[in-house]
Structure formats: structure tokens, C-alpha cells
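The next block holds one structure in the form of C-alpha cells; read it before the comments.
Just so we're on the same page: letters track the sequence lines, and every chain starts at 1.
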Amino acid sequence: MNKNRRGQSRRHPLRLPLPAQNSAVRSQINGSHCSSPPPHCQVASCLQLPQFAGAHTRVTTPKSTNPPPAMDAATAAMVWFRKGLRVHDNPALDAARRGAVRLYPVFVLDPRYLRPEPAAPSPGSARAGVARVRFLLESLSDLDARLRSLGSRLLLLRARDDVADTVCAALKDWNIGKLCFESDTEPYALARDKKVMDFAAASGIDVLSPTSHTLFHPAEIIEKNGGRPPLTYQSFVAIAGHPPEPVMEEYSELPPVGDTGGYELLPVPEVEELGYGDISQEELSPFRGGETEALKRMRESLQDKEWVARFEKPNGDPSAFLKPATTVLSPYLKFGCLSSRYFYHCIQEIYRSAKKHTNPPVSLTGQLLWRDFFYTVSFGTPNFDQMRGNKICKQISWTENEELFLAWRDGRTGYPWIDAIMIQLRRWGWMHHLARHSVACFLTRGDLFVHWEKGRDVFERLLIDSDWSINNGNWLWLSCSSFFHQYHRIYSPISFGKKYDPNGNYIRHFIPVLKDMPKEYIYEPWTAPLSIQKKAKCIVGKDYPKPVVDHETASKECRKRMGEAYASNRLDEKPAKGKSSNSSPRKRQLTPNSAKTKQLKRSS
DNA sequence: CGGTGGTTGCCCCA
DNA sequence: TGGGGCAACCACCG
């Protein structure tokens, strides 16, 4: 498999056509590289907001006034890959190779991310299921092949403990003068990158950290919105405007890799070598990682222009699994195998030639804007990934019930539609968006009333497209903790799937024990007469679990609890008028006692 | 303060 | 397949 991919890559160097009318813009961008990077490539200090001070340390450009590094250092550059595992539209790679006599393309394997966790509920590390680990390794292997076709290669290092330490050591040992890496706004990444940037600053190494994972830099949007992240999609879209053009330079070659001294350079391991035990499951994720696969998949998705122009996300079929109803490009966007800006502009190109097309929020471009929306809100919201201390999150007394949670996690709730989705998650690391909605609603406000953070953790580990901002954002959404508040709209674990897949083919595929259950009962097998259960070789309570809750009564109870929680949150936010009592944080904010207050929303 | 809109609910009816 | 009722939330806007 790898050999094939590598071979193909060498024979057919990547060609990525940009729309003709973009050529003027493209040459502008290219020209601008001679002096300084294009505007969106800079993490400009003017974009930094007070609350994010420290998020980015000083970033120097090639015009830096730092003491000149040694002659060889000035010409040695490192491009540090983390996400952004691609060659196309990669401003960090582009910046690193310019003027470099030697180029060190580095990826650091993180033992804390990859180390096998035997106690985990499914094969993989504590933080990533085996499906996503494999996707990552495939992406690295493909990236290596792409770089080799350009006369370079990927330098795969293994961190002993801390990734930042490993990068810093290599910077020093290889006498690097310029370091380039894609900006990453997740909290974990910000802390890691700060460490490296501090080291670089102290060592006189130029650092360039362009924005290219998302369409926009979250800080840019937040600044445009007066210092606060826009909390509705519509306001986000209105503020965002048009994303920058992708940087689509075509390389014939990259600068050669320099001497790596005594460093052990690893080949990209196969997932079987990482010690996750027996992973020869009956079925694994059908989605292969890598830029080559990403571009192929994108082209195939965009081939049907009519489909692109008419795409409406809410109308997709969550039970379609042989041919998913969406593009399944999310894992490629997550790892940066596909550039969101390139994808966006390819869609726009199709829109231009179409008579009519759908629009955000439901359109394909709308989906990319949702991605940026959640990146922006998560960047501007402290404690975004938890309920406590999160100002945009409703405070709800979720019940602690480990038994119910485990039944949900392991796909044995007794609701075949829910269980099939959770099994698809575990095996494939991917399921349709609306399927995610079904199970997220079921776990939280719909049936089990378990904390959304518990479900978030399961998704985060198992999804091949798991993405900190988007995953947390959607769990806030589905649990009616933020963004979305119509908690009486509950997905039925029976009728929702049935309307798309009345025969239950999706269930039969992922839960083989139910494959002979007549379609009249497959969504509620506990209602099947015992004779039917026997005939289908599936006795409910023995071969397949009884439902853990009764949806009718459970959802009613959930509605009631949500109503109470919302009322309680209203009280916290707007204390009774007469009371001069102490101050919720919100109330203090609204007290007109400082100039800052003017920037805040006023409720009067 | 009141009106309106919000990517993706369910059920029933025509 | 599309509309209304159900019961009714919040954020935003004027």
C-alpha cells in the first residue's frame, strides 16, 4: 500500500490548478514573498488581544533585527509539521524553503499521544483510538513520499517526553536560523508552541507562524467583532467576509535536507508496530490518511457539480454508510491533509459556473465556515472545553450514572439505532453528522442526562476527525449548553433513523446479531414477540440488551430537568431587582462602572 | 419591550 | 413531500 502510494506520487507530481481568474491574485501573493510573507501568513502582533497575551510570543520575520546568526544558520530552515500534513497551500513550508540552502522538514512523534493504553476501552493510546493513529501514520507516510518526490524527505523524530524539548534540541543541534510552522490555536498547542517560540527568541532564531489551518485567524475575527467572539453563526459570517486565497505555488524541488548529526531518523511506523495488541478487527475505517488521498477524495466529491451546488447539510442521510452522504473530508481537514482554503476556493469555482447554489449555513462552503466559527469561539472563550468557568455554557446538574454512560459508550443501550452509531464510531472513527447528533442528544438532554463532557471525551478519542474546537462546540450545541437552546426538540432513538432507513440496513451491518430481525421490530426489538426473536436468533436480554431507559419517560424527565436548569441559569444571570446582594460574574460585568463596559452588550 | 429568526424534532394530516 | 401544531428556548434587533 505505502509502496504504491509512494510510487504513484513520484510518477505523477502533484498538479493543483487554481481557477484562471485567480492568477492575478496568485502572482501578487508569490511576488510578496520576496520581501515579506502575505498578510495572512503573519501572526501579526496587532491581532493579539489582551486576553490572549502570551498566546504568541514575539514572531520575527526575515527582516528581523536580531543579531545575525552564523552564516550556515542563516541558510538552514526548519519546517515543523504538526497539523498541516500537506505540500499544497502550505505557507509555512513555502516560507521555510525560501532562501534556504538546507531545509529540515520535521515531525515529532509524541509518546504521550501514541503510547498504548491497555486499560483503554478499545485499542489505542489513552488519547487516540487506533483508527486515528493509523490515519495519522498514513498521512505522515504520504507526506514523506510527497517530500521525497521533491528531493526532500520527512525527518521523523521521537520525543523522549516533551515534543517542544525535542524541537528545541534539534533547532540547536542543527544550527537552524529560521523556523516555520503553522499557527495552531488549541490550548495544548499554544502552550507547546510558546515553549518553542521562547527558545527561538532567546537563540536568535527567526520564527514564522502563518495561519493556514483555518480560513481565518480566530484572533482576526475577534478583533473585528470588538474583542469578543461572535456567538451566532450569522454574525460570524457577516464579520468574516471572504477568506484569503490559497498559496498554490507548484514546486519542482525543495532545498536538500542538511546533516542531521547523530539523530535517529525513524521510518514511519506501521500501526501494527506500535503495540496496540490485536487490531485485526473484522472491519476497520475505510478512510485512508494522507494528502494524496485527500485531494483524490476532494476531486471525486466535486466532480458532480450539481450535487455540490445543491448540497444541504441537514438533508443528508445519516444511515448511508456504503456511500456516505457527505464528502468525508473532515479527517483530512483535521490533519491538514487538505487545505480548507483550497477546498473553499474549489467550491466557489463550481458555484460560479452553476445557475444557482445553496448558501451558508447549509451549503458546502457553509460547512467550512462552521468550522471557522467554532475555532473562533473556542479561541476567545476561556474554559471552552468544560462547563464550569465557561461563560457561554449553561450550568446544568447532569446526573452521574456510570452504568448508563458505559452502556452508551460501548454500544449496548438496547436502542439499535444508537448502538449501531456507537459501534460505527469505534470501528470507523467516523459517522454521519446527524448520527452524531442522535447519540449526543441521547446521552445528554434527550435520554440519559449524562454530562456532555463525558461524551466529548469518547468522541475526542475515537473520531478520526476529532478536532478540539469543533468537537467541544458541537457537544455544547447538542446538549443545549450553548449556541442552541430548543431543548424540547429531542431526537427519537427509534423514529429518527427509521425515516431514513426503514429496513434497518445500517443497523444490520453494524450489529450483526440483529441482521435477521424483521424490519417491523429492528428499531425496537424488545417489542418483537418471543417467537419472532427466536426465529431471528436474537433474544432480547440475552443476545442483545434490553433498553437501558424508556425513551418516552426518560425524555419527558429530561425536558423537565432542562427547564429547571434553564430557569436556574436565568436567575443566576438576572438576579431579582430588589436584591442588592452579591454579584454573579455576569452582573459585575454589566455594572456600568468602567469604560470597558461600553464594549459589552447592554441588556437595557 | 416585543418581534423575529435559529443548519438538521416529532407527529399527524393531506 | 410539505405544512401545521406541539411547547417554547435564547440571541439579536429595532
Side-chain angles (χ1 to χ4, degrees), chain A residues 225-226 228-239 310-320 324-327 330 357-374 377 381 391-396 415 417-418 421 431-442 444-447 470 473-502 523-524 551-552 554-574 577 586 590 600-604:
Chain A
N225 194 45
R228 288 169 289 107
L231 290 178
T232 65
Y233 181 79
Q234 297 299 347
S235 58
F236 170 83
V237 170
I239 290 158
R310 291 154 77 108
F311 182 90
E312 286 186 60
K313 183 67 166 285
N315 291 347
D317 177 354
S319 70
T326 54
T327 61
S330 53
H357 61 83
T358 52
N359 283 302
V362 297
S363 63
L364 268 183
T365 48
Q367 306 314 303
L368 287 168
L369 290 163
W370 275 108
R371 182 171 174 269
D372 265 61
F373 171 69
F374 285 126
V377 182
T381 306
K391 283 198 176 118
I392 67 167
C393 181
K394 289 267 183 278
Q395 304 298 304
I396 297 170
Y415 286 93
W417 170 248
I418 299 297
I421 294 166
M431 63 282 208
H432 186 273
H433 189 63
L434 290 176
R436 302 182 192 200
H437 278 217
S438 269
V439 295
C441 179
F442 187 88
T444 58
R445 66 183 171 84
D447 290 85
I470 301 166
N474 276 309
W475 276 98
L476 284 164
W477 186 293
L478 259 299
S479 64
C480 282
S481 295
S482 197
F483 306 114
F484 178 78
H485 310 275
Q486 288 164 283
Y487 57 78
H488 42 86
R489 294 191 187 170
I490 292 174
Y491 290 87
S492 163
I494 297 155
S495 52
F496 185 72
K498 202 187 274 181
K499 77 181 172 196
Y500 297 99
D501 180 17
Y523 283 88
E524 352 175 33
H551 175 63
E552 209 51 37
S555 60
K556 235 176 230 156
E557 178 66 17
C558 282
R559 276 196 180 91
K560 190 175 138 254
R561 289 190 200 169
M562 288 300 286
E564 288 163 3
Y566 268 52
S568 157
N569 277 267
R570 277 195 298 272
L571 276 179
D572 286 348
E573 282 170 29
K574 295 172 191 166
K577 276 175 191 170
R586 173 82 172 251
L590 292 172
L600 296 164
K601 275 176 284 179
R602 304 293 292 274
S603 58
S604 62

Could I get the full list of side-chain hydrogen bond (donor to acceptor under 3.5 Å, both in side chains) partners for A/R436, not counting sequence neighbours? A/D465

Would you mind reading off the distance between A/E564 atom CD and C/dA7 atom C1', rounded to a whole angstrom? 16 Å

Tell me: NZ of A/K498 to C1' of B/dC12, nearest whole Å? 15 Å

How many Å lie between CG on A/N225 and P on C/dA11, as a whole number? 15 Å

What's the CZ-C1' distance between A/R445 and C/dA8, to the nearest Å? 13 Å

Is there a donor-acceptor pair under 3.5 Å between the side chain of A/S482 and the backbone N or O of A/W477? no

If I take atom CD1 in residue A/I396 and atom P in nucleotide C/dC10, what distance separates them, rounded to the nearest angstrom? 11 Å

Without hydrogens or angle criteria, can the side chains of A/W417 and A/S438 be said to hold a donor-acceptor pair below 3.5 Å? yes

Looking at side-chain heavy atoms only, is the closest gap between A/R310 and A/H357 below 4.5 Å? no

Check for a donor-acceptor pair, side chain of A/S479 on one end and backbone N or O of A/W475 on the other, with a separation under 3.5 Å. yes

If the C1' atom of C/dC6 is compared with that of B/dG2, how far apart are they to the nearest Å? 23 Å

Do A/R445 and A/I490 come within less than 4.5 Å of each other through their side chains, counting heavy atoms only? yes

For A/H432 and A/D317, which I'm curious about, is there any donor-acceptor pair between the side chains at under 3.5 Å? no

Listing for DNA chain C: consecutive Watson-Crick or G-U pair runs of at least 3, distance cutoff 3.5 Å, ranges ordered by first number, gives B:1-6 with C:9-14, B:9-14 with C:1-6

To the nearest Å, how far apart are A/N569 CG and C/dA11 P? 10 Å

Would a 4.5 Å heavy-atom cut-off, applied to side chains only, mark A/L369 and A/P361 as touching? no

Between B/dT4 and C/dA8, how many Å separate the two C1' atoms, rounded to a whole number? 14 Å

Hydrogens and angles aside, do A/Y491 and A/H437 bring a side-chain donor and acceptor to less than 3.5 Å of each other? yes

Atom OH of A/Y500 and atom C1' of C/dT1 are separated, to the nearest Å, by 14 Å

Once each nucleotide of nucleotides 3-10 of chain B is scored for protein heavy atoms under 4.0 Å, what B/S/- sequence comes out, 5' to 3'? ---BBBBS

Expressed in angstrom and rounded to an integer, what is the separation of A/K394 atom NZ from C/dC10 atom P? 6 Å

